[in-house]
Amino acid sequence: MGFDQREFHLMVVPTNGEINAPPPPRKNLSLSVVEPDEKDIKISSQELNRILTQYLETLSHRKEYHLGYPINVCYEHHAALAPLLQFHLNNCGDPFTENPIDFHSKDFEVAVLDWFAQLWEIEKDDYWGYITNGGTEGNLHGLLIGRELHPTGIIYASKDSHYSVFKAARMYRMELETINTLVNGEIDYADLSSKLLLNKNKPAIINVNIGTTFKGAIDDLDLILQILQKYGYSNDSYYIHCDAALYGLIIPFIKHAKTITFKKPIGSVSISGHKFLGSPMPCGIQMTRKSYISSLSTKIEYIASTDATISGSRNGFTPILLWYSLCMKGHAGLQQDARICNENARYLKGRLHKAGISAMLNEFSIIVVFERPNDPKFTRQWQLSCIRDMAHVVVMPGITREMIDNFFKDLMQERGKWYQVGTTVPPCLEDDIGSQNCLCCYRKMRH
């Protein structure tokens with residue numbers, strides 16, 4: 001269409017009077033597909049470019065106000081890889097078999113999988129995996145393997161697990177035991193123990209959260225394994241899937257954090273590629289043991305391959321994005337990102353507590369949970385995720401101290417309006433984040 005990126009970059013520079021004015025939240029563009037003007041194709045093209053320029057300008061501004069969801073919007077490899085968009089790349093079928101056509105990126109996909117196999121300590125000949133459309137597909141695939149290995153098995157998942165785990169139970173018509181959680185979001189080990197004991201006659205398919213969606217809590221895999229052993233579950237009577245959507249690329253690079261490793265009797269691990277690492281489109285990695293995958297594999301003559309994936313056609317562009325990002329960052333870059341994000345999360349929690357605002361931060365976490373803002377417009381402005389009386393900020397790469405300070409300043413300014421003396425008070429979060437983290441007026445009065 002002749003859309004010029006240089007033109008866009010010139011257009012989004014704010015004027016002096018606009019620099020401190022926060023951009024409004026993104027609104028729907030109310031678009032429709034219209035037929036081209038046959039008499040003047042140039043005018044039609046100009047209108048399309050105008051819409052795209054407006055859209056890009058909005059997204060560019062709103063990046064500075066993206067705090068509530070785990071997406072790394074800080075990457076610069078789109079320009080280098082953009083020429084690949086002129087090709088249709090389809091990684092249909094098994095990553096380890098060749099395609100009958102040349103337009104695929106399975107060689108890049110296998111390179112990425114090998115990198116993760118080394119990270120999660122499983123030999124190259126012992127693993128099987130593929131690059132998915134995101135964490136949900138990874139969870140669906142991991143739990144499907146568990147069901148194929150244990151057709152009568154019960155899924156055990158904490159109530160703070162990602163919604164895709166419960167979706168999997170519905171899709172596969174599997175029996176589900178929802179486990180309570182501790183105040184920090186970890187699975188309630190006592191409740192898990194009692195339900196495992198109650199269902200000893202059936203295999204256990206356990207979803208272990210390596211970082212829950214809202215509170216960033218990490219379930220204790222070693223303790224779960226001890227519980228299974230205590231109640232007589234042998235290695236062939238349980239399957240463990242590790243949902244490490246966000247933390248799978250954080251935990252391995254933090255000192256003293258427990259390693260994600262296939263040296264322990266786990267069945268699969270899945271992560272999201274667009275979260276901590278960063279990608280302009282959703283993607284993820286699902287990895288399991290090669291010995292488990294035969295029950296899912298089907299020979300497909302049409303594509304000259306076997307297939308054990310959830311989707312048929314798979315995005316051939318995302319493996320190249322992941323490969324390029326891993327090569328550019330390396331272990332040192334990921335370790336630096338993890339360290340900075342952890343430090344910035346502690347910085348935000350410290351500022352909130354010092355201001356008398358209830359807030360919680362789990363160990364090794366980059367998710368700061370705090371009182372829900374008392375104004376939907378503020379929540380929308382900063383793109384915050386909220387549950388009940390809680391909101392959270394996910395301190396991702398690219399979220400700087402300056403962004404945190406701007407958010408904090410805006411929060412304090414608006415909070416002064418919400419909670420004027422003698423009118424309303426902040427919500428009590430003692431039951432949600434623990435008494436040691438709750439600084440609300442109710443608790444102060446009780447003590």
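In this structure, Phe108 and Val112 have side chains that are not in contact, with every pair of non-hydrogen atoms separated by 4.5 Å or more. Contact check for Ile271 versus Ile210: no side-chain heavy atoms found under the 4.5 Å cut-off. Residues Asp219 and Glu186 have side chains in contact (heavy-atom distance under 4.5 Å, counting atoms from C-beta outward). Between Met360 and Val183 there is no side-chain heavy-atom pair separated by less than 4.5 Å. Side-chain contact between Phe253 and Leu119 is present, with at least one heavy-atom pair separated by less than 4.5 Å. A 4.5 Å side-chain heavy-atom check between Ile131 and Pro95 finds every atom pair outside the cut-off. No side-chain heavy atom of Asn362 sits less than 4.5 Å from a side-chain heavy atom of Ile218. Put simply, the side chain of Asn91 reaches to within 4.5 Å of the side chain of Pro319, judged on heavy atoms.
Tyr163 and Thr136 are not linked by any side-chain donor-acceptor pair at a separation below 3.5 angstrom, with hydrogens and angles left out of the test. Side-chain contact annotation: His162 with Thr213, donor-acceptor N/O pair under 3.5 Å absent. Remark: the Asn207 side chain and the Asp243 side chain contain no N/O donor-acceptor pair separated by less than 3.5 Å. Remark: the Asp405 side chain and the Tyr347 side chain contain an N/O donor-acceptor pair separated by less than 3.5 Å. For the residue pair Asn209 and Ser161, a side-chain donor N or O sits within less than 3.5 Å of a side-chain acceptor on the partner. Side-chain contact of Asp188 with Ser158: a donor-acceptor pair under 3.5 Å is absent, judged by distance alone. No hydrogens or angles considered: nothing links the side chains of Asp160 and Thr212 as a donor-acceptor pair under 3.5 Å.
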Pair Asp114-Lys124, salt bridge (charged side-chain N to carboxylate O under 4.0 Å, His left out): steps then yes or no: CA-CA 7 Å; Asp114 284 346; Lys124 186 172 181 177; 3.3 Å; yes
Before you tell me yes or no, could you show the steps for Glu109 and Arg314 under salt bridge (charged side-chain N to carboxylate O under 4.0 Å, His left out), namely the whole-Å CA-CA distance, both residues' side-chain angles and the distance that decides it to 0.1 Å? CA-CA 11 Å; Glu109 183 173 16; Arg314 294 187 292 109; 2.6 Å; yes
Could you go step by step and tell me if Asn437 and Leu429 meet the side-chain contact (heavy atoms from CB on, under 4.5 Å) rule? CA-CA 8 Å; Asn437 295 308; Leu429 297 185; over 6 Å; no
Trace of the side chain to side chain donor-acceptor pair (under 3.5 Å) decision for Ser311 with Glu137: CA-CA 8 Å; Ser311 54; Glu137 185 177 349; 3.3 Å; yes
Pair Asp220, Lys258 - check side-chain contact (heavy atoms from CB on, under 4.5 Å), show working. CA-CA 9 Å; Asp220 190 331; Lys258 290 185 177 179; 3.3 Å; yes
Between Asp432 and Lys215, does a salt bridge (charged side-chain N to carboxylate O under 4.0 Å, His left out) hold up when you go through it step by step? CA-CA 10 Å; Asp432 288 309; Lys215 294 182 177 179; 5.3 Å; no
Full working for side-chain contact (heavy atoms from CB on, under 4.5 Å) between Ile357 and Leu439: CA-CA 6 Å; Ile357 300 174; Leu439 305 179; 5.9 Å; no
Going through the checks in order, is the side-chain contact (heavy atoms from CB on, under 4.5 Å) test met by Phe214 and Val369? CA-CA 8 Å; Phe214 198 81; Val369 183; 4.0 Å; yes
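Atoms CH2 and OG, on Trp120 and Ser268 in that order, are 10.0 Å from each other to the nearest 0.5 Å. Going from atom CZ of Arg147 over to atom CD1 of Ile205 covers 9.0 Å, rounded to the nearest 0.5 Å. Between Gln383 atom CD and Leu67 atom CG the span is 8.0 Å, to the nearest 0.5 Å.
In terms of heavy atoms, Ser365 sits closest to Tyr247 at OG-OH, 2.8 Å. Among all heavy-atom pairs drawn from Met396 and Lys275, the shortest one is CE-O, 3.2 Å.
Checked by atom type and distance alone, the side chain of His274 never pairs as donor or acceptor with a backbone atom of Pro280 at under 3.5 Å.
When Tyr172, Tyr292, Tyr130 are each tested for a ring-ring contact (aromatic ring centres under 6.0 Å, His included) with His141, only one passes: Tyr130. The side chain to side chain donor-acceptor pair (under 3.5 Å) with Asn235 is formed by just one residue from the set Tyr238, Tyr239, Tyr233; it is Tyr238.
A tilted orientation is assigned to the rings of Phe378 and Phe407, their planes being inclined by 30° to 60°.
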